[in-house]
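Protein chains get the first letters and strands the later ones, always in sequence-line order, with residue 1 at the start of each. Keep in mind that the numbers below use all heavy atoms, side chains included, and drop hydrogens, waters and symmetry copies.
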Number of protein chains: 2
Amino acid sequence: MAPLRVGWQQVDTYGNRRPTMADVAARAGVSRALVSIVFRGEAGASSATRERILRVADELGYRPDSAARLLARDHSRTLGVLLTLHQPFDADLAEAVHPEAEKRGYDILLATNAPGRSERKAVEALLSHRCEALILLGPGSGSTYLDELGRRTVTVSVGRRITGAHVDNVHTAEAKGVRQAMDHLLGLGHRRIVHVDGGRDPGSAERRRAYRAAMRRHGLGDEIRVVPGRQTEEAGAAAARSMLAERRLPTAVLASNDRSALGLMMAFARAGLDVPGDVSVVGYDDSHLSHLMPVGLTTVRQDPARLAEHAVRFAVERLEGEGVAPREAVLDPKLVVRASTGLPRDDA
Amino acid sequence: MAPLRVGWQQVDTYGNRRPTMADVAARAGVSRALVSIVFRGEAGASSATRERILRVADELGYRPDSAARLLARDHSRTLGVLLTLHQPFDADLAEAVHPEAEKRGYDILLATNAPGRSERKAVEALLSHRCEALILLGPGSGSTYLDELGRRTVTVSVGRRITGAHVDNVHTAEAKGVRQAMDHLLGLGHRRIVHVDGGRDPGSAERRRAYRAAMRRHGLGDEIRVVPGRQTEEAGAAAARSMLAERRLPTAVLASNDRSALGLMMAFARAGLDVPGDVSVVGYDDSHLSHLMPVGLTTVRQDPARLAEHAVRFAVERLEGEGVAPREAVLDPKLVVRASTGLPRDDA
DNA sequence: CTGGCCAACTAGAGCGCGCTAGTAGCGTGC
DNA sequence: GCACGCTACTAGCGCGCTCTAGTTGGCCAG
C-alpha cells in the first residue's frame, strides 16, 4: 500500500491548502502544462483560454510557488544581492538594481552582512536559494575567496575593485574623483590637507592612494597625513577629535565618504570650529544628506543608478552569453562643489 | 521511450553539476535518507557515519538546496521580513531580527518596498518563497489588506500599530514617549511647541495624537500647531524652512523622528539659528546619529533589539502553538535628554 | 532457541512546478 | 486525395529534497 503523507503543507490560518497549478487546471478544464504556459507568458495558448485560466487562477487566489519554480527551472533567473543594511549608499544601489533586473526578467534575492553575520554566510544563503549570479555591494571578503566564488558562480563586485579574482568589477574611477577634489582644494590654496581614511571599507584603498599621489604630484609629499578611520559618522567624528586633540588642525580634510565627512563636520561644529572658515571638508558619494547639511557638503558624486545598471548587465550577459569573461566598468565621478570648501584660514 | 532532459541545471562556470544529496550518499556508501537525517541534525545515524557523511559532503562541496528543501518540507521554517531600505531604524530592526530567528531555528528572507515597488509586490514575493510568517517593519498598507493577509498568514506589524486587523502588533508606547518629551519641554517653560508631523509614516499618527493631547492637557489647545511632513531629513528641512518663511518660529519643535529632527536642525543652522538657544528640538528613535550631532539630540529611545525579539517570538509562537490569537506588545520608550533642548528664548 | 526490542539504516512517494516530446485538429496547396 | 505545416493542447518525467513506513542485524531475556 502506498504510504500516506500526513502533514499537509502550506496551509493558511483556516487550514486551507494553498492552491496549485493542478487546482487551476482542473477548475479551468485544461492540463497543468497549459496553465504553466500561461503563467510563464509563453506562446501556445489561445487568448480565450489564456483569459479563462487567469480568471480561474484569480478566483482561487493562486500564486506561483517560487520554491517549486526554482527547483524545476533550468535557470533560476534570480540574482542574489549582498548588501550592508547600514550603508545608505548600498540602499541606493540595491534600490537601483531592482528595476534593472526586472527589466531583464530576473528576480532579486537580498542578503545582508552585519556585525555577527559573516559575508560568507550571506553568500551561502543566496547560493542555496539557487541564485545564478551574485551582485556584491562593497564586498569585504578577500580576493582569494572571491576568486573561488567567481569561478563557481557569476559574480559582480560593485564599489570595490577586486584585482586578480574571476569577478566582474563595477566602480567609479576613485582616483579621478579624488584628483578632482584635490585639485579643487589645492586650487583654493590649501596645502595642509589631511585624508581621513576609510580603513577596509569599499573604495578606501583607492581613495587613499589617489590622495597620496595628488599630494606628491604637487610637491607636498611631506604634508601627507592619513588619519585612520572607517566609512561611518562615528569614525569621522573620532578622527576630528583626534586631530583637535593633537592640535594639528589641517586647513582641509578629504574624507573617505560622506558619512565620515558628516561625522567630521559634526565634531568640528561641536568644537566651535567653522566649516569652511577654519577648515574645509570634502566628502565622497553625494548622499542625499550632502545638500541638506547646514553647510552644503562639497563631495564627489557616484551615480548609483548607473553602477547598478552596469552590474546587472554584466551579470546577465555573462549568464546568457557563453563563456564571456569577467569585465570591468569604471564610471566617471563628478565633483560637486558646495559650501563646505573655501579658502584656507589666514594663519596657515 | 523516456523523454530525455537536455538542459542540465545549476552548473558552475566549469560546467560541473552542483553536488546533491545523492552524490554525497553514493560517495559515502549510504542512502540519501541518511544524508538527509544528518543534515537535518536528527537522531538516527551513528556518530561514525555522521562524521563520514559530513566529511564526504565537505569534500564534494555539497550545500543543501534551499529551494528543494522549501518544497519538500511540511514547514518552511522561514520568516519573511519586509523593510524600507532607506529607513535606518528598519535596518536596526532587521539586523536584530536575524539572530533572534536563528536562535529559534528559523531562516529569514528579506524583501523591500521602495518608490516604484509596492509593498504588496514585496509581500507576494515573500509568500511565493513559502515564508510561513511575515514580519512587516512599519507597513504602509491599509488595515483591510493587512487583515486579509493576516488571515492567510501569520503576520506581525512592527513599529506601526494596526487596529482591527488579524495581525500581531509590536511597537513602543508612542503616547508615553511623546508625553515624556512634552513634559520635558513644558517643564523647561516652553509653550509654543510645534509638532512636525510624519505624515503616513509608521508611528506618526500616534505621535501626532499624543502631542495634541499633551498640549490640551496643559491648557495649550490654542497653541497646537502641526506642520505636515514625513520621516525624512528632507521633510524636516522643508518644515523648518516653511516655519521660517512664515516668521512664526516656535520655541520648541517636536519632530516625528530623528531623521526629521536632523533635517530641522540642519535647516535651522543654515538660517543662522541656534539650537537650543533660539529653538529647542526633540526627535524620536535615538538613532546612532543623535549623539553625534553638533548639538546632541534630545530624543525618545526605542529599543530595536527588544522590538525584534517580540516580533519573532510572536510569529514563532503563533506558528507553533495551535490557534494562538494575535497579540500586542507595547514596549516602554525612554526620553534621552541631550543638548538640543533648553530654556525658551527670552522674546517668547 | 525463540521472541522482542532497539538502534541504524533504506525505499520510495511526493512537494509544485518546467520542459520535452508528442498528439489532435484544421486549413492549404497541388 | 494526400502530404504538409501550423496552432492549441497534453502526458509525464524530473528538479533535490523531506518524511513515513518500513527492513536489518545485534543483543538480551526467558
Among D:dC17, D:dA11, C:dC9, the nucleotide that comes nearest once only the side chain of A:A33 is considered = D:dA11
Applying side chain to side chain contact (heavy atoms under 4.5 Å, CB included), run through A:H98 and B:T112 and close with a yes or a no.
-> CA-CA 10 Å; A:H98 247 299; B:T112 64; 4.1 Å; yes
Expressed in angstrom and rounded to an integer, what is the separation of B:R77 atom CZ from D:dT18 atom P?
-> 13 Å
Side chain B:R17 and base D:dG16 donor-acceptor under 3.5 Å | no
N/O donor-acceptor pair under 3.5 Å between B:R32 side chain and B:A25 backbone = no
Between C:dA11, C:dG18, D:dG16, which one does the side chain of B:A72 approach most closely?
-> D:dG16
Would you classify A:R63 as touching base, sugar-phosphate or nothing, given that sugar-phosphate means primed atoms plus P, OP1 and OP2, and contacts are heavy atoms under 4.0 Å?
-> sugar-phosphate
Establish, with yes or no, whether the OP1 or OP2 oxygen of C:dC17 is under 4.0 angstrom from a side-chain nitrogen or oxygen of A:R40.
-> no
For atom NE2 of B:H75 and atom P of D:dC17, their distance in whole Å = 21 Å
Here the distance between atom P of D:dA8 and atom CD1 of A:I53, to the nearest Å, is 12 Å
Any donor-acceptor N or O pair under 3.5 Å, side chains B:E328, B:H171 | yes
Would you indicate which nucleotide in C:dG16, D:dT10, C:dC9 comes nearest to any side-chain atom of B:T49?
-> C:dC9
Counting any heavy atom closer than 4.0 Å, what does B:A45 reach on the DNA or RNA strands: base, sugar-phosphate only, or nothing?
-> sugar-phosphate
Given atom CG of B:L70 and atom P of C:dG16, what is their separation to the nearest angstrom?
-> 12 Å
Pairing of A:R313 and A:E320 as salt bridge, 4.0 angstrom limit | no
When rounded to whole Å, the CZ to C1' distance for the pair A:R18 and C:dC15 reads 12 Å
Are any of A:S31's side-chain N or O atoms less than 4.0 Å away from OP1 or OP2 of D:dT10?
-> yes
Using modelled atom types only, decide if a donor and an acceptor are shared between the side chain of A:S128 and the backbone of A:A125 within a distance under 3.5 Å.
-> yes
Has A:S36 got a side-chain N or O lying under 4.0 Å from the OP1 or OP2 atom of C:dC17?
-> no
Please report, rounded to the nearest Å, how far the C1' atom of D:dG14 is from the CG atom of B:L71.
-> 12 Å
Quick one: on DNA chain D, does A:R32 or A:R52 contact a more 5' nucleotide (nearest heavy atom)?
-> A:R52
Counting side-chain heavy atoms from C-beta on, which of D:dC19, D:dG16, C:dC9 comes nearest to B:S46?
-> C:dC9
Return the nearest nucleotide to the side chain of B:D74; candidates are D:dG16, D:dC19, D:dT10.
-> D:dC19
Looking only at side-chain atoms of A:D65, point me to the closest of D:dC17, C:dC17, D:dT18.
-> C:dC17
Please determine, for the side chain of B:I37, which listed nucleotide (C:dC17, D:dC19, C:dT10) has the closest atom?
-> C:dT10
Round to a whole Å and report the spacing from CD of A:E42 to P of D:dC9.
-> 15 Å
Spacing between A:L34 atom CG and D:dT7 atom P, to the nearest angstrom | 15 Å
So, is A:R69 near the phosphate of C:dG18, with a side-chain N or O under 4.0 Å from OP1 or OP2?
-> yes
Answer yes or no: is there a donor N or O on one side and an acceptor on the other, between the side chain of B:S46 and the main chain of B:T49, under 3.5 Å?
-> yes
